[in-house]
Amino acid sequence: MSNQQIAITLPDGSVRQYPIGVTGMNIAMDISEGLARNVLAAKVNDEVWDAERPIDGDASVALLTWKDRDGKATFWHSSAHLMAEALESLYPGIKFGIGPPIENGFYYDVDFGDMELSADELPKIEECMRQLAREKNSFQRTDISKKEALKYFKDKGDEYKLELLQDLEDGTISFYQQGNFTDLCRGPHIPNTGFIKAIKLLNVAGAYWRGDEKNKQLTRIYGITFPKQKELSEYLELLEEARKRDHRKLGKELELFAFSEKVGMGLPLWLPKGTRLRERLEQFLRKAQVKAGYDPVVTPHIGGKNLYITSGHYEKYGEDSFQPINTPNEGEEFLLKPMNCPHHCEIYKVRPRSYRELPLRLAEFGTVYRYEQHGELHGLTRVRGFTVDDAHIFCRADQVKDEFLKVIDLTLFVLKALNFEDFTAQLSFRDPENKEKYIGEDEVWNRAEREITEAAGEKQLNTVTEYGEAAFYGPKLDFMVKDALGRIWQLGTIQVDYNLPERFELEYVGADNQKHRPVMIHRAPFGSMERFVAVLIEHCAGNFPLWLSPEQIAVLPISEKFHDYAQSLYTRLEAQDITGFVDQRDEKIGRKIRDAELKKIPFMLIVGEKEEQQQLVAVRKHGTGDLGQMSTDNFIQLVQQEIAAELDNN
RNA sequence: GCCGACGUAGCUCAGAGGUAGAGCGCUUCCUUGGUAAGGAAGAGGUCACGGGUUCAAAUCCCGUCGUUGGCUCCA
């Protein structure tokens, strides 16, 4: 090491002098031994490096530990290598695809040849990984020429790595070796495998090489690791908790919805309680929409083939959707509607429109049917028949921005009323590489994308931009929310559309007595009732806000003698639109309370001799406990106040 | 659509070639009770469906359907 000094700037702004060739690890050691024990990698001038990689000039350096996002990613990336090492030692001759870190853990795609890996073998692989981790092998980086790298993998017979190498430039290629395992890898890695203390391989799945379904399918093994056993246990508990919130499980337990093989896959049946919940949500939005100037409409579930030829749906999706329905005699063809917009366009066209009636906002809870690949169906979040809280706003070009902003407000109002705070607004734009997937002129698309971006900016939404996520007729602003298992779903959506008005030749007469083309905005604050309810169930773990609860109260008579009083009480509450049931089973009160608690019913009204004599109710709140006695009127007031508070936090 | 796993009572699950099991739920009876499970009895199954192997299949093999973890797709 030469004694030439370089200046290292640390995140706190302090600058230290070190000899050239100093490593992140050296610096950590210099700061404290504890830090050195925990340092996983170093961020050098905003690039993540191995902690042991020498730094050869002035630089800003941040030492990364488990607490850092990049530290975790490095840790998991190294864990993927460790898993690969274990796999190679257990199953010699297998070939490797890619093995990146992901949001929670890592995976590696492996070609096992003719062998099938069963999930039963995961513990064995884990054990092998633990042994290898104990060896504390360091991850050694070697820069290697492309020629040598190609030779290495040719000799090894790994065509996947060879394919990856094709795309790499000579001079930028590095190998990493730990123990007996060598991999093509840009790095960085943690100092040695000994940092990996807790290991869990989670599942095995198929994945196409390079994500292309034309390619061979590899076996993907998912795993997660931690520096401490305790962190793994906590993570597994979290997973367990998430499973408890799964809307498919709660939907069954709380009798909200069901599926039937006979009805067909992906076609949900809404049970009475689920329907009550759903209708409350609908009412809530209907009210808000009346206030916002929407006009409700109703249209049929099918539409003539020509409607969809006009709209462009037929050309775009006719082949991969439910096939047409034919009339027996005339041979007419109808399609199940995949969207409500064509019908709404026809409503717009029933008569000539004046600029004075714009914006025209047509709203419908419209049920649509889309053919989804069977492997893609998932509970209520991905189904083949669902109801969109749809509306189409027909407006003048100069009204687009303002209308768009109003729709953002409405969507935020809905999300806020249901306590969804953790969402991102995704600008879903056209894939510039793949324009033939979309209909409409460039100019029109650019304009719509610009308007959406501006509106989102004005509302200061937390946005991400995704190219290739647009609808085929226009760009979208999508509100993305996570479910219990961390999967991200699109709920609300707002879309500007210059194309359908063109295709349907929509017009209005302007102040200048000339014909003009309106612009359409498609929007759905919930997205669909099905997906929204699913995510809502997981969001509140089945403990719905009082105003939405399908069963708000359970009246629990202490014994049979008080059934009449309980029933009269219930009748009175029902008249106030407070719904639930009277538990007239021949059970003790403790049992009735337990069952009502498990059904997550917000309020229990316990009535016995004392209550009947004094015309009171003993109130018990779900998850809280006994609130004491009160008059029925006071209880009604309590409920009404709580509902008002829930709906008033906007 | 692709790769893997799974499908047994209403629900949650055990059983792995030889008479179909448990807990909860349900029905009836006893019990009439005060803030998270009172007691007893009973009903309930073509072990998803269709083929095959076998003296014998819920169990082993093949196919279909459905569910499920991913991948691809998604108006």
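Below, chain A is the first sequence line, B the second, and so on; all start at residue 1. None of the values given here were measured: they were computed from a predicted structure.
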_Steps toward side-chain hydrogen bond (donor to acceptor under 3.5 Å, both in side chains) verdict (H522(A), D390(A))_ = CA-CA 7 Å; H522(A) 309 237; D390(A) 219 346; 5.6 Å; no

Does any N or O in the side chain of [X] come within less than 3.5 Å of the main-chain N or O of [Y], such that one atom is a donor and the other an acceptor?
{"X": "T424(A)", "Y": "Q426(A)", "value": "no"}
{"X": "H374(A)", "Y": "G266(A)", "value": "no"}
{"X": "D158(A)", "Y": "K95(A)", "value": "no"}

Identify the pairs formed between an N or O of the protein and an N or O of nucleotides 4-8 of chain B at a distance under 3.5 Å, and give each distance.
{"from": "G4(B)", "atom 1": "OP1", "to": "E116(A)", "atom 2": "OE2", "distance (Å)": "3.2"}

Closest nucleotide among [options] to the [X] side chain:
{"X": "Y371(A)", "options": "A36(B), C71(B), G1(B)", "value": "G1(B)"}
{"X": "S321(A)", "options": "A36(B), C71(B), A75(B)", "value": "A75(B)"}
{"X": "Y317(A)", "options": "A75(B), U35(B), G1(B)", "value": "A75(B)"}
{"X": "A471(A)", "options": "A75(B), U32(B), G34(B)", "value": "A75(B)"}
{"X": "R370(A)", "options": "A75(B), G69(B), G70(B)", "value": "A75(B)"}
{"X": "S559(A)", "options": "G33(B), C3(B), U68(B)", "value": "G33(B)"}
{"X": "R382(A)", "options": "C73(B), C3(B), C71(B)", "value": "C73(B)"}
{"X": "K561(A)", "options": "G33(B), C71(B), A75(B)", "value": "G33(B)"}
{"X": "L598(A)", "options": "A36(B), A75(B), C71(B)", "value": "A36(B)"}
{"X": "Y208(A)", "options": "U35(B), C74(B), C71(B)", "value": "C71(B)"}

*Taking atom C1' in both G7(B) and G63(B), compute the distance separating them and give it to the nearest angstrom.*
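Pairwise C1' distance, G7(B) against G63(B), rounds to 16 Å.
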
*With Y467(A), which residues qualify under ring-ring contact (aromatic ring centres under 6.0 Å, His included), at least two apart?*
none

*List for me each residue that meets ring-ring contact (aromatic ring centres under 6.0 Å, His included) alongside F96(A), sequence neighbours excluded, and say none if there are none.*
Y108(A), F181(A)

_On RNA chain B, compare the nucleotides closest to P557(A) and Q495(A); which residue's is nearer the 5' end?_
P557(A)

*For R620(A) and R585(A), take the nucleotide of RNA chain B holding the closest heavy atom to each; which residue's nucleotide lies nearer the 5' end?*
R585(A)

*asked:* Using the ring pair (Phe, Tyr, Trp, His ring centres under 6.0 Å) definition, which of the options Y317(A), Y438(A), Y314(A) pairs with F472(A)?
replied: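 The residue from Y317(A), Y438(A), Y314(A) that satisfies ring pair (Phe, Tyr, Trp, His ring centres under 6.0 Å) with F472(A) turns out to be Y317(A).
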
*asked:* Suppose we call a contact any N or O donor and acceptor under 3.5 Å apart; does that hold for the side chain of R594(A) and the base of A37(B)?
replied: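 Indeed, a donor on one side and an acceptor on the other fall under 3.5 Å apart.
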
For [N] and [X] - does any side-chain N or O of the residue sit under 4.0 Å from the phosphate oxygens OP1/OP2?
{"X": "H622(A)", "N": "A36(B)", "result": "no"}
{"X": "R248(A)", "N": "G69(B)", "result": "yes"}
{"X": "K216(A)", "N": "C2(B)", "result": "no"}
{"X": "H313(A)", "N": "A75(B)", "result": "no"}
{"X": "K337(A)", "N": "A75(B)", "result": "no"}

*Are Q495(A) and Y473(A) linked by a side-chain donor-acceptor pair shorter than 3.5 Å?*
yes

*Knowing that exactly one of L232(A), L201(A), I199(A) qualifies, which makes a side-chain contact (heavy atoms from CB on, under 4.5 Å) with T225(A)?*
I199(A)

*In Watson-Crick or G-U wobble terms, both distances under 3.5 Å, what is the partner of C47(B)?*
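For C47(B), the partner nucleotide comes out as none, under the 3.5 Å rule.
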
*Give none if C65(B) has no partner; otherwise give the nucleotide forming a Watson-Crick or G-U wobble pair with it, both distances under 3.5 Å.*
G7(B)

Regarding [X], tell me which of base, sugar-phosphate or nothing describes its non-hydrogen contacts under 4.0 Å with the strands shown.
{"X": "A618(A)", "value": "base"}
{"X": "E611(A)", "value": "base"}
{"X": "I593(A)", "value": "base"}
{"X": "K316(A)", "value": "nothing"}

*What salt bridge (charged side-chain N to carboxylate O under 4.0 Å, His left out) pairs are there with at least one residue in residues 336-346 of chain A, not counting sequence neighbours?*
K337(A)-E364(A)

Pairwise N/O distances under 3.5 Å, protein to nucleotides 38-47 of chain B:
{"from": "G38(B)", "atom 1": "OP1", "to": "R591(A)", "atom 2": "NH1", "distance (Å)": "3.3"}

*With sequence neighbours excluded, what pairs up with R594(A) under the side chain to side chain contact (heavy atoms under 4.5 Å, CB included) test?*
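Applying side chain to side chain contact (heavy atoms under 4.5 Å, CB included) to R594(A) gives L598(A).
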
